[in-house]
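Only one structure is covered here, and it is reproduced in the block below.
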Amino acid sequence: MERAALRVEYITRDYLKRLHGNKLIQLLVSRLLDNSIIIMEGVLNPLTQSELLMRILNYINMQFFGIDIKTIKKFSRKEITIIYPKKKDLDLDIQATFDYLSLVVRA
Amino acid sequence: MQLLQKLFRKAKKLNARIGVFGEVGAGKTTLVNFITRNNLGIEVGEVTGIPHETRKIREVENINLKVDGVELNISIVDTPGIATYIDYREFMKHGLSEDEAIKRAKEATRGVIEALKEFENVDIAIIVVDSTKMPFNQVNAMLIGNLEMRKIPFVIAANKIDREDAKPEMIKEIFPNKPVVPISALTGENIDKLIEEIAKKMG
């Protein structure tokens, strides 16, 4: 995959069902390190979340600070989770209501 | 060996290894200091106001407490604050040089990983939350979810009730079916109640 300045990926619940544990974590780690903002249907279970966090923390350096995770309940009648990289040169602001989502990136 | 030790502790019921978890700056070390100072005359760590002051797990063993005439023997584990990201520039705002800030960020990162791994080694957990802030965030949700999925009993300590802007009732509302004890780790208010709640979890 060509390295992008910033990519937004939407992962559906059906796509998530095909990925289990380690495969899901590997996918998320690689995408987050490759500058992706991930919007996924549903929520990550807490064990997956802590495993993702432990893996991603190994990559922290002076440019990449880790990740932020936001869960939005009842967005268009479903739950969505937004996971995005926290970087020195990337400042992301998320505004969400039950039917509106805005991602403002200051790069 | 670790599993045997854990089974032994569980079998005796009144011995427990208690992990203190929470976000950065929630007051975990202040709480552990209060308990260890009152019972053993020692403190586990310094509290400075700089984020990620605790960057390694620290354990104090053989703390003997008495609740309703029953003696408890606990080990208490102070864990580094959990965060999903660590920006070294934050430390520079507290007067650290860039080199010191980068070093602290590396140590803090290792500390968070250690804290997350420590779930597996405790019998009971105290989740310390800052009652002056909105507690329903990703870190607290992840902590509670992890403990519930691992079937580790826990108590939520709604800390900093000595402050005027504390809203411990909000924490009770947000976590309605969880045991919440409003405390001040700084003044010691209600820490006896927190220990009583832990004793209940010890059976």
Side-chain angles (χ1 to χ4, degrees), chain A residues 20-22 24-25 28-29 31-33 35-40 42-75 79-94 96 105-107, chain B residues 19 21-24 51-52 55 79-92 96-120 122 125 127 134 136-152 154 174:
Chain A
H20 293 287
N22 205 31
L24 172 61
I25 292 167
L28 294 174
V29 169
R31 294 293 201 271
L32 289 160
L33 291 175
N35 266 3
S36 284
I37 297 167
I38 295 162
I39 303 172
M40 55 191 274
V43 290
L44 282 179
N45 92 43
L47 297 180
T48 306
Q49 250 184 66
S50 55
E51 185 60 37
L52 169 66
L53 186 55
M54 277 196 274
R55 299 252 192 111
I56 210 88
L57 286 171
N58 288 308
Y59 295 94
I60 286 187
N61 57 37
M62 285 173 70
Q63 302 297 322
F64 177 77
F65 304 144
I67 55 173
D68 208 351
I69 306 173
K70 289 201 189 306
T71 300
I72 302 162
K73 311 257 179 193
K74 294 178 186 169
F75 178 75
E79 274 181 321
I80 59 164
T81 302
I82 304 171
I83 312 173
Y84 56 97
K86 295 286 281 185
K87 300 185 76 175
K88 191 175 188 177
D89 54 0
L90 185 70
D91 183 13
L92 180 67
D93 184 30
I94 297 174
V105 180
R106 295 177 201 91
Chain B
F21 299 95
E23 283 185 281
V24 179
H52 293 281
R55 301 187 292 286
T79 67
I82 294 174
T84 60
Y85 58 90
I86 296 163
D87 180 345
Y88 73 95
R89 295 171 300 181
E90 284 300 311
F91 304 127
M92 293 167 72
L96 272 66
S97 69
E98 190 176 32
D99 285 348
E100 288 169 333
I102 291 166
K103 183 170 177 269
R104 180 175 280 242
K106 282 183 185 163
E107 291 170 353
T109 303
R110 283 194 290 270
V112 177
I113 296 172
E114 264 190 50
L116 291 167
K117 286 181 179 168
E118 196 60 18
F119 288 140
E120 292 168 11
V122 301
I127 301 176
M134 186 64 187
F136 199 74
N137 55 46
Q138 211 67 38
V139 168
N140 286 333
M142 182 179 71
L143 272 171
I144 291 170
N146 258 275
L147 294 167
E148 285 181 334
M149 289 187 83
R150 293 166 197 265
K151 300 192 189 312
I152 298 168
F154 64 89
I174 287 175

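Chain naming here is simple, since letters A, B, ... match the order of the sequence lines and numbering starts at 1 in each. Reckoned from all heavy atoms, side chains included, excluding hydrogens, waters and symmetry mates. Just so we're clear, the structure is a prediction, and the values are computed from it rather than from any experiment.
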- prompt: What part of B:I113 lies closer than 4.5 angstrom to a heavy atom of chain A: side chain, backbone, both or neither?
  reply: both
message: Using a 6.0 Å cut-off, check whether atom OH of B:Y85 has over 12 heavy atoms from anything other than its own residue.
response: no
query: Heavy-atom distance under 4.5 Å to chain A: side chain of B:E90, backbone, both or neither?
result: neither
message: I need the minimum non-hydrogen distance between A:M62 and B:Y88, along with the two atoms involved.
response: O-CE2, 3.5 Å
task: Could you look at B:R150 and say if it's the side chain, the backbone, both or neither that has a heavy atom under 4.5 Å from chain A?
output: side chain
query: Among A:L47, A:L53, A:N45, whose side-chain contact (heavy atoms from CB on, under 4.5 Å) with B:M142 holds?
result: A:L53
field: Part of B:A101 within contact of chain A (heavy atom distance under 4.5 Å)
entry: neither
query: Is a side-chain N or O of B:T84 found less than 3.5 angstrom from the main chain of A:I67, in a donor-acceptor match?
result: yes
Under 4.5 Å from a heavy atom of chain B, the part of A:I60 involved: side chain
message: Can you confirm whether more than 12 heavy atoms, excluding those of A:Y59, are under 6.0 Å from its OH atom?
response: no
- request: Measure A:K70 against the heavy atoms of chain B and call it side chain, backbone, both or neither at under 4.5 Å.
  value: backbone
message: Using 0.5 Å steps for rounding, measure from the CD atom of B:Q138 to the CG atom of A:D68.
response: 8.0 Å
- prompt: Where does B:M149 contact chain A at under 4.5 Å (heavy atoms): side chain, backbone, both or neither?
  reply: side chain
statement: With chain A, the option among B:T109, B:D87, B:L143 that has the most non-hydrogen atom pairs under 4.5 Å is B:D87
